[in-house]
Amino acid sequence: MWLRTSCELTFSIAEPTPFILMLRPRSGGQQWVAREEYAILPFVPVFEYTDDYKNLCQRLVAPVGDFVVRTSANVKTIDLVDTAPGAPFVEIQHLPNEVLSYLLPSRYCESDRFGEMATSITNGSLPGYDQVAAIEDWLRSNIRYFSGNSGRPISAAEVNQQQSGVCRDFAHLGIALCRSLSIPARMVVGYLYGLEPMDLHAWFEAYVGGNWYTFDAVQKGTKGGYVAVGYGRDAADVAIYNQFGPAVFPITQNVAVEQIESPD
C-alpha cells in the first residue's frame with residue numbers, strides 16, 4: 001500500500017539549543033520512500049549523518065523563539081507483514097557481524113535477567129521464530145496496554161514488574177526476552193497506518209531464519225502499514241529528537257498517516 005506520513009513538532013526555545021533529529025525514513029526491503037518534504041522554521045543550517053544503525057539523523061541548533069520541524073513522506077510499504085512459522089534459530093557463530101550487537105543487554109533491555117522467564121514462556125516452542133511468536137502472545141495476554149506517552153522510558157524489568165506499559169515498553173520486554181534466548185532483537189520506531197489514537201509507534205524485530213521479522217504485541221494479526229524511521233538496541237537509540245541543555249518538550253506534536261493512490 002502507499003502511505004503518506006507526516007509529523008509536525010513545535011517547540012518554544014528559551015536559549016540556543018542543539019538538537020539531533022531522527023525523522024527521515026529510509027528505503028529498504030520492506031518500504032520504498034518515493035517522495036519527502038522536510039521543513040525547519042525558522043531555517044537554520046542542518047547537517048545530516050548516518051548513525052551506527054544506519055538511521056538518517058539531522059544536527060542543528062534551534063534559535064530562541066518558536067521552532068517548528070515539519071516532515072512528510074510518500075512511502076510504499078507492504079500490505080501484510082512477513083511471517084515465517086518454523087523459521088529456525090540461527091546459531092551465534094553463523095550470525096552476520098552487524099547483528100551481534102542485538103544479542104547483548106542494553107540500557108532498557110536487561111536480557112541477562114530474563115533467561116528463566118523466557119525459557120518458561122517458550123517451553124514447547126521450536127527454537128527460532130516460534131519462540132518469538134510465543135513471547136509476542138505472552139506479552140499480549142499478560143501485559144496491560146495503554147496508549148499515549150508514559151514520559152520517560154522504562155526498562156524491561158520495570159515493565160515486567162508493573163505488568164503494563166505503552167508500545168515502547170512492550171517492545172523493551174519482548175526484546176529482552178528474545179535476547180535472553182540468544183535471538184537477536186531490535187527496537188523499531190516509526191508510523192503505523194490505522195493506529196488509534198494516532199501517534200508515533202514502536203515495535204520490535206527478531207532475527208531468525210536469516211531474516212528480520214516484525215513483532216508487535218499491541219496489535220493483532222499480521223496487518224501491514226508499518227513505516228520504519230529508526231532502528232536501535234532500545235529507546236535510547238531511536239528517539240525522534242534529542243536536545244542538549246535545559247529540557248525542552250514539544251508544545252504540539254501532530255502525527256498523521258493516510259493511505260494514498262500510487263503517486264505518478
Side-chain angles (χ1 to χ4, degrees), residues 7 9 11 17-25 51-58 69 101-114 117-118 132 135-136 138-140 142-180 183-192 195 197-206 212 214-219 226-255:
C7 180
L9 304 172
F11 300 90
T17 301
F19 273 82
I20 296 176
L21 305 172
M22 188 188 295
L23 285 167
R24 286 191 62 199
D51 70 10
D52 292 342
Y53 306 100
K54 300 182 180 180
N55 302 311
L56 300 175
C57 304
Q58 302 78 45
V69 180
S101 64
Y102 297 113
L103 285 170
L104 304 176
S106 59
R107 178 177 178 181
Y108 295 113
C109 299
E110 315 98 314
S111 52
D112 51 334
R113 300 175 60 181
F114 285 95
M117 179 176 169
V132 187
I135 289 169
E136 182 186 48
W138 183 90
L139 291 169
R140 190 175 291 126
N142 292 275
I143 306 299
R144 182 173 59 87
Y145 170 68
F146 58 88
S147 60
N149 191 336
S150 66
R152 71 172 182 87
I154 61 175
S155 73
E158 293 173 293
V159 177
N160 188 48
Q161 183 178 33
Q162 70 182 29
Q163 296 284 288
S164 64
V166 297
C167 57
R168 175 185 60 209
D169 305 325
F170 275 66
H172 281 158
L173 184 50
I175 290 167
L177 289 165
C178 287
R179 290 180 189 167
S180 72
I183 296 174
R186 65 186 182 184
M187 174 170 265
V188 192
V189 165
Y191 301 92
L192 175 59
L195 183 66
M198 181 52 65
D199 203 343
L200 290 162
H201 189 51
W203 60 97
F204 74 95
E205 293 181 349
W212 288 104
T214 294
F215 294 89
D216 186 353
V218 305
Q219 303 294 316
Y226 290 87
V227 176
V229 172
Y231 298 87
R233 294 165 300 177
D234 56 33
D237 294 328
V238 294
I240 60 169
Y241 74 89
N242 282 298
Q243 54 85 206
F244 303 88
V248 175
F249 301 98
I251 299 172
T252 62
Q253 176 174 313
N254 298 312
V255 177

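Between Arg233 atom CZ and Ile175 atom CD1 the span is 11.5 Å, to the nearest 0.5 Å. Rounding to the nearest 0.5 Å gives a distance of 7.5 Å between CE of Met187 and CZ of Arg168. In this structure, OG on Ser164 lies 12.5 Å from CG on Asn142, to the nearest 0.5 angstrom. Going from atom CG of Leu9 over to atom OG1 of Thr252 covers 7.5 Å, rounded to the nearest 0.5 Å. One distance of note links CG of Leu173 with CD of Glu110; it measures 9.5 Å at 0.5 Å rounding. If you take CD on Glu136 and OG1 on Thr214, they are separated by 9.5 Å, rounding to the nearest 0.5 Å.
Taking the six-membered ring for Trp and thresholds of 30 and 60 degrees, Tyr102 and Trp212 have ring planes more than 60 degrees apart, a perpendicular arrangement.
Counting all heavy atoms, side chain and backbone alike, Ala217 lies closest to Arg140 at O-NE, 3.3 Å. Shortest non-hydrogen contact noted between Ile154 and Asp169 is CG1-OD1, 3.3 Å. Nearest heavy atoms, Val255 versus Met198: O-CG, 3.2 Å. Nearest heavy-atom pair across Leu200 and Gln253 is CD1-NE2, 4.1 Å. Nearest heavy-atom pair, Ile20 versus Cys57, reported as atom, atom and distance to 0.1 Å: CG2-CB, 4.2 Å. Across Cys7 and Tyr191, no two heavy atoms sit closer than the pair CB-OH, 3.3 Å.
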Audit row: Ile251, Phe11, side-chain contact (heavy atoms from CB on, under 4.5 Å) steps and yes/no:
CA-CA 5 Å; Ile251 299 172; Phe11 300 90; 5.8 Å; no
Kindly indicate, with the supporting measurements, whether the criterion side-chain contact (heavy atoms from CB on, under 4.5 Å) is fulfilled by Val69 and Gln58.
CA-CA 11 Å; Val69 180; Gln58 302 78 45; over 6 Å; no
List the steps, then state whether side-chain contact (heavy atoms from CB on, under 4.5 Å) holds for Gln163 with Ile143.
CA-CA 5 Å; Gln163 296 284 288; Ile143 306 299; 3.7 Å; yes
Step-by-step side-chain contact (heavy atoms from CB on, under 4.5 Å) determination, Val189 to Met22:
CA-CA 10 Å; Val189 165; Met22 188 188 295; over 6 Å; no
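More than 12 heavy atoms of other residues, nucleotides or ligands shown are found within 6.0 angstrom of CZ on Arg24. Counting heavy-atom neighbours within 6.0 Å of Phe244 CZ, excluding the residue itself, gives a total above 12.
Shown here are the side-chain hydrogen bond (donor to acceptor under 3.5 Å, both in side chains) partners of Ser111, two or more places apart in sequence or in another chain: there are none. Evaluation of the ring-ring contact (aromatic ring centres under 6.0 Å, His included) rule for Trp138 yields no partner, not counting sequence neighbours. The side-chain hydrogen bond (donor to acceptor under 3.5 Å, both in side chains) test applied to Tyr226 returns Asp216, not counting sequence neighbours.
For the ring-ring contact (aromatic ring centres under 6.0 Å, His included) criterion with Phe215, the lone passing option out of Phe170, Trp203, Phe204 is Phe204.
The backbone N or O of Ala185 lies less than 3.5 Å from a partner atom in the side chain of Arg179, making a donor-acceptor pair. Between the His172 side chain and the Glu158 main chain, no donor and acceptor come within less than 3.5 Å of each other.
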